[in-house]
A.B. asks: 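Attaching a single structure in C-alpha cells format; questions to follow.
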Amino acid sequence: MYMIKTMNDSEKDVCLQVADLMVAAAKTAPKGSGKDTVEACVLTGKEKDQLADAMRQLGEEYGEEFIVRDAGNVDCSHCVVIIGCRSTPFGLTNCHMCGFENCGEMKKVGTNCVFNLTDLGIAIGSAVSVAADHRIDNRVMYSAGKGAIKIGCLSEDVKICYGIPLGAESKSIYFDRNPGAVLR
C-alpha cells in the first residue's frame with residue numbers, strides 16, 4: 001500500500017490498467033462471422049525483458065537495425081500488449097481471397113486466412129484506440145510481434161502477431177524512436 005504514490009508509480013499502474021482494457025477491446029472487436037481467432041497477453045518484468053532480448057537476437061540475425069532499436073523502446077516501456085491470431089481456415093469453398101483455390105490448399109501451404117488477418121487488424125485498431133483514449137503512448141510493432149512468437153507467449157497456432165509497448169512520459173519514446181530513452 002502506498003503512503004505517497006509517486007507520479008512514476010501512477011504512470012506504471014495506469015499503463016497496466018490500460019493494457020488490460022486493450023486486451024478486452026481486442027477480444028470484443030468485431031470478427032468475421034463471429035469466429036474468434038484472436039489471442040492477446042500483456043508482458044511485464046522478466047517476460048518483457050525476454051521479449052527485448054529476443055528482438056535484439058532477431059535484429060542481429062536479420063541484419064535489421066530497426067528491430068534492435070525497437071528492443072530499446074520495449075526496454076523503456078512499462079509493459080507490452082501482444083495481439084495475434086491463430087490461422088484457422090474460414091471454411092469457404094469459393095473464397096479465393098488468400099490466393100488459393102480453397103481453405104484446404106491454403107492450409108497445406110501454411111499461410112493465413114485473410115479473415116483471421118482482417119480480424120487481427122481490427123483487434124489491434126480497437127486496442128490502440130483504447131490507449132489513445134487514455135492518452136497512453138504506444139506504437140504497433142511488427143518487431144515485437146516477431147519477438148513474441150520467438151519466446152512463445154501465445155499459443156503455437158499463432159504465427160502472426162504484433163506487440164504494442166506502452167509508456168507514459170512527458171515525451172513519447174516512440175515518436176523520435178530514441179532507443180536510449182529511459183523511464184524515470
Side-chain angles (χ1 to χ4, degrees), residues 11-27 29 36-87 111-112 116-169 171-184:
E11 292 163 357
K12 183 175 182 178
D13 290 349
V14 78
C15 283
L16 294 172
Q17 291 169 358
V18 168
D20 287 343
L21 293 171
M22 291 170 68
V23 168
K27 184 67 171 176
D36 188 4
T37 63
V38 173
E39 291 187 19
C41 68
V42 179
L43 303 181
T44 62
K46 71 176 184 158
E47 286 77 14
K48 183 177 72 79
D49 295 343
Q50 289 172 345
L51 174 64
D53 290 344
M55 291 168 67
R56 282 187 189 82
Q57 291 169 5
L58 288 169
E60 292 171 16
E61 179 184 331
Y62 297 164
E64 295 288 355
E65 290 182 23
F66 80 92
I67 299 176
V68 176
R69 177 206 59 208
D70 289 355
N73 283 152
V74 166
D75 282 332
C76 296
S77 299
H78 291 295
C79 60
V80 181
V81 175
I82 305 296
I83 304 175
C85 67
R86 296 182 301 279
S87 183
T111 191
N112 289 278
N116 302 156
L117 296 175
T118 301
D119 292 347
L120 175 59
I122 294 167
I124 290 169
S126 292
V128 298
S129 72
V130 168
D133 288 347
H134 289 86
R135 309 305 179 259
I136 299 300
D137 298 331
N138 67 91
R139 183 142 189 144
V140 177
M141 292 184 177
Y142 149 86
S143 55
K146 289 292 283 187
I149 289 171
K150 184 172 180 144
I151 65 172
C153 59
L154 298 176
S155 73
E156 286 183 20
D157 295 346
V158 173
K159 303 296 184 216
I160 295 179
C161 68
Y162 292 84
I164 309 165
L166 303 179
E169 296 296 319
K171 181 181 182 306
S172 174
I173 63 170
Y174 316 115
F175 180 72
D176 64 9
R177 315 293 291 184
N178 176 7
V182 179
L183 294 176
R184 293 182 308 261

A.B. asks: Looking only at non-hydrogen atoms, find the nearest pair between Val68 and Gly59 and report the distance.
C.D. replies: CG2-CA, 4.0 Å
A.B. asks: For the residue pair Pro165 and Tyr174, what are the closest heavy atoms and their distance?
C.D. replies: C-OH, 3.4 Å
A.B. asks: Check the pair Ile82, Leu51 against side-chain contact (heavy atoms from CB on, under 4.5 Å), reporting the backbone distance first and the verdict last.
C.D. replies: CA-CA 10 Å; Ile82 305 296; Leu51 174 64; 4.2 Å; yes
A.B. asks: Indicate yes or no: at least one non-hydrogen side-chain atom of Ile124 is less than 4.5 angstrom from one of Leu120.
C.D. replies: yes
A.B. asks: I'd like to know if Asp53 pairs up with Arg56 as an ion pair, taking the criterion as any Lys NZ or Arg NE/NH1/NH2 lying under 4.0 Å from an Asp or Glu carboxylate oxygen.
C.D. replies: yes
A.B. asks: Could you state the interatomic distance from OH (Tyr62) to CE (Met55), rounded to the nearest 0.5 Å?
C.D. replies: 12.0 Å
A.B. asks: What is the minimum heavy-atom distance between Ala29 and Ala123, and which atoms define it?
C.D. replies: CB-CA, 3.8 Å
A.B. asks: As a quick check of understanding, evaluate side-chain contact (heavy atoms from CB on, under 4.5 Å) for Arg139 and Asn73, giving each step before the final call.
C.D. replies: CA-CA 10 Å; Arg139 183 142 189 144; Asn73 283 152; 5.9 Å; no
A.B. asks: Between Ile136 and Met22, is a side-chain contact (heavy atoms from CB on, under 4.5 Å) present by the stated rule, with each step listed?
C.D. replies: CA-CA 11 Å; Ile136 299 300; Met22 291 170 68; over 6 Å; no
A.B. asks: I'd like to know whether Lys150 forms a side-chain contact (heavy atoms from CB on, under 4.5 Å) with Glu61, so could you lay out the CA-CA distance, the side-chain angles of the two residues, the decisive distance to 0.1 Å, and finally the verdict.
C.D. replies: CA-CA 13 Å; Lys150 184 172 180 144; Glu61 179 184 331; 4.2 Å; yes
A.B. asks: Over all heavy atoms of both residues, which pair between Ile173 and Ser77 is shortest? Give the atoms and the distance, please.
C.D. replies: CD1-OG, 4.1 Å
A.B. asks: Output the distance between atom CE (Met141) and atom CG (Asp70), rounded to the nearest 0.5 Å.
C.D. replies: 4.0 Å
A.B. asks: Measuring from Leu166:CG to Gln17:CD, what's the distance to the nearest 0.5 Å?
C.D. replies: 12.0 Å
A.B. asks: Looking at OG of Ser129 and CG of Leu21, how far apart are the two atoms once the value is rounded to the nearest 0.5 Å?
C.D. replies: 10.5 Å
A.B. asks: Would you call Asp36-Lys27 a salt bridge at under 4.0 Å N-O?
C.D. replies: yes
A.B. asks: Closest heavy-atom contact between Gly167 and Cys15?
C.D. replies: C-SG, 3.8 Å
A.B. asks: Distance-only criterion, 3.5 Å: show the donor-acceptor pairs between side-chain atoms of residues 153-164 and protein atoms not counting sequence neighbours.
C.D. replies:
| residue | atom | partner | partner atom | Å |
| --- | --- | --- | --- | --- |
| Ser155 | OG | Glu39 | OE1 | 3.3 |
| Ser155 | OG | Glu39 | OE2 | 2.6 |
| Lys159 | NZ | Glu156 | O | 2.7 |

A.B. asks: Tell me if a side-chain donor or acceptor on Ser143 pairs with a main-chain N or O of Ala71 at a distance below 3.5 Å.
C.D. replies: no
A.B. asks: Please say whether more than 12 non-hydrogen atoms of neighbouring residues, nucleotides or ligands are located less than 6.0 Å from NZ in Lys48.
C.D. replies: yes
A.B. asks: Quick one: closest heavy-atom pair of Asp137 and Ser172, and the distance?
C.D. replies: OD2-CA, 3.4 Å
